[in-house]
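The block underneath contains the structure these notes are about, expressed in structure tokens.
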Amino acid sequence: MRDQAVLSPSAISPKLRLRSTAALLAAALCALPALSETTPVVKVQPSAMRMLEVAVVQAPEKGQVIWAPAHVEFMPGQLDTVASPLQARVVTLHVQLGQAVKAGAPLATLVSAEALRTRHEVQAARLALGTAQAEYKRHQDMVNRGVGTEVELRAAQAHFKEAEQELARANGTAALLGGDTGDRIVLRAPRDGVVAQFQANLGMQVEQGAVLFAVGNSKSLGLVAHVFEMDLPNLKVGSQARVELPVRTEPVQAKVMQIGAVVDAESRRAPILLSLQGADVQANLRAGMQARVGIAVDRPPQMMVPIGAVLIKDESRTVVFVQTAEHSFEARRVALGLPVRGWVPVISGLKDGERIVVRGALMLDGAASQML
């Protein structure tokens with residue numbers, strides 16, 4: 001007989017395959033009736049025990065860890081996008097993807113007819129303001145000498161205010177283009193960091209508002225883990241986590257900052273944002289790196305058995321075979337929860353420490369209709 005193993009999701013292989021045939025079944029089992037309500041115990045010849053795998057059921061400890069795939073990402077507010085302020089054409093690229101830049105460093109140079117027109121509007125607005133100011137001053141002098149009218153003075157004053165507002169509008173629009181002149185627009189880095197997104201090519205035409213670059217703070221990286229929906233109720237903000245990274249030999253610590261509110265329709269996972277803990281943990285990290293995250297959860301202990309250990313009887317009852325003696329097995333009815341990645345929680349019917357058949361259950365019950 002095989003050594004008995006402790007049943008846990010990390011100890012049993014998810015692929016439990018049957019290797020017996022009908023002839024081997026007949027030779028292995030005693031000439032006893034198949035499983036029924038009146039004969040729930042099956043005895044096995046000692047020579048047939050090698051075709052069975054038996055494991056001890058144990059309830060896990062209360063404190064558990066949920067493992068999930070993750071990737072390194074910039075923390076919220078630490079990634080700034082750079083877009084074209086006007087319709088333009090890219091004529092020069094000054095950086096590459098992943099390059100470190102300082103705030104104000106040029107990213108790309110664009111040419112735009114609209115930029116030239118906008119800057120000309122500023123000059124025109126300045127000239128118009130000067131003319132309106134002179135006219136307003138002349139009407140003030142005429143009123144002071146008694147040869148002007150209040151109506152003309154107020155009209156000149158209103159025209160002067162309109163010219164001021166038009167110049168302010170033109171200056172505000174031109175300020176969005178930077179401090180360059182003519183038809184040139186130089187896109188610049190908004191912060192110290194690295195070029196995390198690069199969507200510009202030489203000669204390409206871009207529309208107003210098109211995002212061409214993103215600059216992220218390389219000293220503020222976090223993690224986004226992707227957790228199955230059935231594990232979400234056990235998570236909470238502030239939970240501690242352990243992170244395995246390809247660039248570090250030892251795990252690092254992290255903390256749950258945010259739990260995603262939307263579950264992906266295909267993967268059935270939700271994003272979990274975690275912040276990395278430790279002074280030097282950011283060293284050698286890059287956005288997009290893969291990682292593995294174990295998040296500590298506090299949930300009631302619950303026994304789990306592999307799906308391959310469970311049989312469906314009469315399309316309604318679920319049973320497992322419990323070892324009652326060295327060569328004897330009892331069909332035990334159990335109540336189960338929803339399967340999770342090849343495992344199913346036991347609500348009732350089994351006790352901590354009992355031994356069940358995790359491979360070869362169908363051999364013990366030739367009348368079983370199907371596997372769970």
Side-chain angles (χ1 to χ4, degrees), residues 74 76-97 99-144 148-217 220:
F74 294 102
Q78 300 300 317
L79 182 68
D80 294 335
T81 57
V82 181
S84 175
L86 294 172
Q87 188 179 50
R89 180 168 60 89
V90 180
V91 294
T92 308
L93 295 173
H94 303 285
V95 295
Q96 296 178 346
L97 182 65
Q99 181 177 331
V101 294
K102 294 290 185 180
L107 303 175
T109 299
L110 317 178
V111 294
S112 171
E114 292 187 26
L116 182 62
R117 182 168 55 252
T118 298
R119 288 170 177 142
H120 282 170
E121 289 176 354
V122 173
Q123 296 299 325
R126 285 175 180 167
L127 291 174
L129 178 61
T131 302
Q133 187 176 21
E135 186 69 10
Y136 176 46
K137 184 177 181 182
R138 186 177 71 83
H139 280 285
Q140 281 182 322
D141 291 341
M142 290 176 64
V143 169
N144 291 337
T149 66
E150 287 291 333
V151 173
E152 292 176 331
L153 176 61
R154 290 177 181 177
Q157 183 182 26
H159 185 61
F160 172 60
K161 293 296 183 182
E162 289 175 358
E164 281 186 325
Q165 293 174 356
E166 177 60 22
L167 179 59
R169 183 202 65 78
N171 279 330
T173 303
L176 298 175
L177 309 180
D180 304 287
T181 60
D183 61 354
R184 300 281 163 160
I185 302 174
V186 179
L187 301 181
R188 300 181 181 275
R191 62 158 76 230
D192 293 352
V194 296
V195 180
Q197 294 180 22
F198 189 100
Q199 302 180 34
N201 295 309
L202 283 175
M204 73 181 295
Q205 294 286 341
V206 295
E207 297 297 323
Q208 180 178 358
V211 175
L212 300 181
F213 303 94
V215 178
N217 182 1
S220 182

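Just the heavy atoms: all of them, side chains too, but no hydrogens, waters or symmetry mates, feed the values below.
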Next item on the list: Considering non-hydrogen atoms only, spot the tightest contact between Ala170 and Val122 and give its length.
Entry: O-CG2, 3.3 Å
Margin query: Please check this pair: side chain of Arg119 against backbone of Gly182, looking for a donor-acceptor N/O pair closer than 3.5 Å.
Written below: yes
Notebook entry, point to check: From Asp141 CG over to Lys137 NZ, what is the distance, rounded to the nearest 0.5 angstrom?
Noted result: 6.5 Å
Note to self: Let me confirm one number: the CD-CD distance from Glu150 to Gln157, rounded to the nearest 0.5 Å.
What the structure shows: 9.5 Å
Notebook entry, point to check: Can you name the nearest heavy-atom pair linking Ala132 to Ala163, along with the distance?
Noted result: CB-CB, 3.9 Å
Check: For Leu187 and Pro85, which heavy atoms make the closest approach, and how far apart are they?
Finding: CD2-CD, 3.9 Å
Check: NE2 of His94: more than 12 outside heavy atoms within 6.0 angstrom?
Finding: yes
Item checked: All side-chain hydrogen bond (donor to acceptor under 3.5 Å, both in side chains) counterparts of Gln96, not counting sequence neighbours -> none
Item checked: Gap separating the CG atom of Leu177 from the CD atom of Glu114, nearest 0.5 angstrom -> 9.5 Å
Notebook entry, point to check: CG of Leu153 to CD of Glu135: how many Å apart, nearest 0.5 Å?
Noted result: 10.5 Å
Notebook entry, point to check: Do we see a donor-acceptor contact under 3.5 Å between the side chains of Thr149 and Glu152?
Noted result: yes
Next item on the list: Please indicate whether Arg138 has more than 12 foreign heavy atoms, meaning atoms of other residues, nucleotides or ligands, lying under 6.0 Å from its CZ.
Entry: yes
Margin query: According to ring-ring contact (aromatic ring centres under 6.0 Å, His included), does anything in residues 181-215 pair up with another residue at least two apart or in another chain? List the pairs.
Written below: Phe198-Phe213
Checklist line | Spatial distance of atom CD (Gln78) from atom CZ (Arg191) [nearest 0.5 Å] | finding: 5.0 Å
Note to self: List the residues meeting salt bridge (charged side-chain N to carboxylate O under 4.0 Å, His left out) with Asp183, not counting sequence neighbours, and say none if there are none.
What the structure shows: none
Margin query: Any donor-acceptor pair under 3.5 Å linking the side-chain atoms of Gln208 with those of Gln87?
Written below: no
Notebook entry, point to check: So which heavy atom on Asp192 is nearest to which on Ala103, and how close?
Noted result: OD1-N, 2.6 Å
